[in-house]
Amino acid sequence: MSTPRLQLIGLHPPLLRPVDLALQPGETLALHGPSGAGKSLLLRAIADLDPNEGEALLDGTPRSQFKVPDWRRAVMLVPAESHWWADTVRPHAERWDHATLQALGFDQQVLDWEVRRLSSGERQRLALARALPLRPAVLLLDEITANLDDSNAERVEQLLRDYQRDSGAVILWVSHDPDQRARIARRQARVADGAVTETAP
């Protein structure tokens, strides 16, 4: 069996029992469960953004052997509400890929828009557009299409399928939409009552 792209060994975020999980290159795991059950806490623990115990490995290399910024670049969280610190869009990324912007329904002029004029859905799509040029090996997606209409959600799903095909990236995707979960993932897990339990798709 090949080395998992992402492996969790006894990863222990707050509120959850230790989690063991292995995902092969190109796999998606759809996460669901009640609000407040710990889905976001799990993603933040994998990204090493909050204190946690246990180990995570990327392509067989333990997280403890990475510099923290390098791990967070390779294992990247895209939260439901991303942080925006400048007045316009352009300064928020080292590089914007115009093909990615176009795939998400934007033209290049969006880089000069004021952040305050962006809708919540536009912010979600642009947060993904600023993440993908960094070529993360693992994407941790926290309800990133929650504020999108069906058309734009479809754009995001197709872009991520293409990205996975080209890169072999692993995706953990929190979604409350059972139809979306069925489209994006062959594997699903429920987060509830302090446990992460893989379920039938």
Side-chain angles (χ1 to χ4, degrees), residues 5-6 25-32 35 39-40 43-44 46-50 58 67-185:
R5 170 59 43 103
L6 176 70
E27 274 197 298
T28 297
L29 178 68
L31 296 168
H32 61 105
S35 297
K39 301 180 296 296
S40 297
L43 298 189
R44 290 183 61 83
I46 296 170
D48 205 23
L49 293 168
D50 291 335
L58 178 63
K67 294 180 179 178
V68 172
D70 292 341
W71 177 265
R72 292 176 181 170
R73 181 180 290 248
V75 181
M76 184 176 296
L77 174 66
V78 182
E81 296 185 10
S82 294
H83 180 54
W84 301 84
W85 57 88
D87 291 336
T88 60
V89 172
R90 191 183 302 273
H92 291 94
E94 298 173 10
R95 181 172 68 87
W96 292 95
D97 179 75
H98 296 306
T100 298
L101 288 171
Q102 187 174 30
L104 290 171
F106 296 109
D107 57 32
Q108 296 185 32
Q109 282 74 21
V110 71
L111 300 180
D112 298 315
W113 289 7
E114 292 184 350
V115 170
R116 64 182 181 180
R117 70 169 279 191
L118 299 174
S119 69
S120 56
E122 287 169 339
R123 292 185 189 210
Q124 285 185 317
R125 284 183 286 150
L126 286 169
L128 186 61
R130 77 188 192 191
L132 291 183
L134 298 176
R135 308 299 293 175
V138 178
L139 276 167
L140 309 170
L141 308 177
D142 196 354
E143 297 191 66
I144 62 157
T145 60
N147 296 312
L148 301 184
D149 58 25
D150 290 345
S151 175
N152 281 313
E154 184 178 340
R155 289 177 186 270
V156 168
E157 292 172 16
Q158 184 60 55
L159 177 65
L160 289 169
R161 279 192 292 268
D162 293 343
Y163 180 73
Q164 273 190 304
R165 184 193 63 237
D166 295 340
S167 68
V170 156
I171 296 178
L172 282 80
W173 189 328
V174 174
S175 173
H176 288 292
D177 181 346
D179 292 334
Q180 181 179 61
R181 294 197 301 269
R183 289 194 303 269
I184 64 174

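One-based numbering along the sequence shown.
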Query raised in the report: Yes or no on salt bridge (charged side-chain N to carboxylate O under 4.0 Å, His left out) for R90 and D112, after CA distance, side-chain angles and deciding distance?
Result: CA-CA 6 Å; R90 191 183 302 273; D112 298 315; 3.0 Å; yes
Query raised in the report: Can you list the steps and then say if L126 with W84 is a side-chain contact (heavy atoms from CB on, under 4.5 Å)?
Result: CA-CA 11 Å; L126 286 169; W84 301 84; 3.7 Å; yes
**Report entry** Residue pair L132, L128: steps toward the side-chain contact (heavy atoms from CB on, under 4.5 Å) verdict
**Finding:** CA-CA 6 Å; L132 291 183; L128 186 61; 4.2 Å; yes
Query raised in the report: Passes side-chain hydrogen bond (donor to acceptor under 3.5 Å, both in side chains), T88 versus E114? Steps please.
Result: CA-CA 4 Å; T88 60; E114 292 184 350; over 6 Å; no
Query raised in the report: side-chain contact (heavy atoms from CB on, under 4.5 Å) between L118 and V89: does it pass, once the steps are laid out?
Result: CA-CA 9 Å; L118 299 174; V89 172; 4.0 Å; yes
Requested in this report: With side-chain contact (heavy atoms from CB on, under 4.5 Å) as the test, would you mind laying out the steps for Y163 and R135 before giving the verdict?
Outcome: CA-CA 9 Å; Y163 180 73; R135 308 299 293 175; 3.1 Å; yes
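Residues L134 and R95 form no side-chain contact, since every pair of their non-hydrogen atoms from C-beta on lies 4.5 Å or further apart. No side-chain heavy atom of E81 sits under 4.5 Å from any side-chain heavy atom of P79. In this structure, L101 and L104 have side chains that are not in contact, with every pair of non-hydrogen atoms separated by 4.5 Å or more. A heavy-atom distance below 4.5 Å is not found between the side chains of V78 and L140. Residues L159 and T100 form a side-chain contact, since some pair of their non-hydrogen atoms from C-beta on lies under 4.5 Å apart. A 4.5 Å side-chain heavy-atom check between V115 and H92 finds at least one atom pair inside the cut-off. Between Q124 and L148 there is a side-chain heavy-atom pair separated by less than 4.5 Å. At a threshold of 4.5 Å between non-hydrogen side-chain atoms, the residues L49 and L43 do not count as touching.
Note on E94 versus R73: salt bridge recorded, some NZ/NE/NH1/NH2 to OD/OE distance being below 4.0 Å.
Counting non-hydrogen atoms of other residues, nucleotides and ligands closer than 6.0 Å to CG of D87 gives a total of 12 or fewer. For R116, the CZ atom sits in a loose shell: 12 or fewer heavy atoms of surrounding residues, nucleotides or ligands are nearer than 6.0 Å.
Closest non-hydrogen pair, A169 versus P136, comes out as CB-O, 3.9 Å. Scanning both residues, W85 and P91, for their nearest heavy atoms gives CZ2-O, 4.0 Å. When all heavy atoms are compared, the tightest approach of S82 to R130 is CB-NH2, 3.6 Å. Closest approach of H32 and S175 over heavy atoms only: CB-O, 3.6 Å. Scanning all heavy atoms of the two residues, the minimum distance from W71 to I46 falls at NE1-O, 2.9 Å.
In this structure, the side-chain contact (heavy atoms from CB on, under 4.5 Å) partners of E27, at least two apart in sequence or on a different chain, are L23, Q24, R187. Checked against side-chain hydrogen bond (donor to acceptor under 3.5 Å, both in side chains), Q158 has the following partners two or more places apart in sequence or in another chain: R161, D162.
Inspection of the T28 and Q164 side chains reveals an N or O donor paired with an N or O acceptor under 3.5 Å.
For R5 (side chain) and G26 (main-chain N/O), no donor-acceptor pair under 3.5 Å exists by modelled atom type.
Residue T145 holds its OG1 atom at 7.5 Å from CG of D177, rounded to the nearest 0.5 Å. Atom CZ of R125 sits about 3.5 Å away from atom CZ of F106, to the nearest 0.5 Å. A distance of 14.0 Å separates CG in L160 from CZ in R155, rounded to the nearest 0.5 Å. To the nearest 0.5 Å, atoms CD1 (I171) and CG (L29) are separated by 11.0 Å. How far NE2 of H176 is from CG of L31: 10.5 Å, rounded to the nearest 0.5 Å. Rounded to the nearest 0.5 Å, atoms CZ (R181) and CH2 (W173) are 12.5 Å apart.
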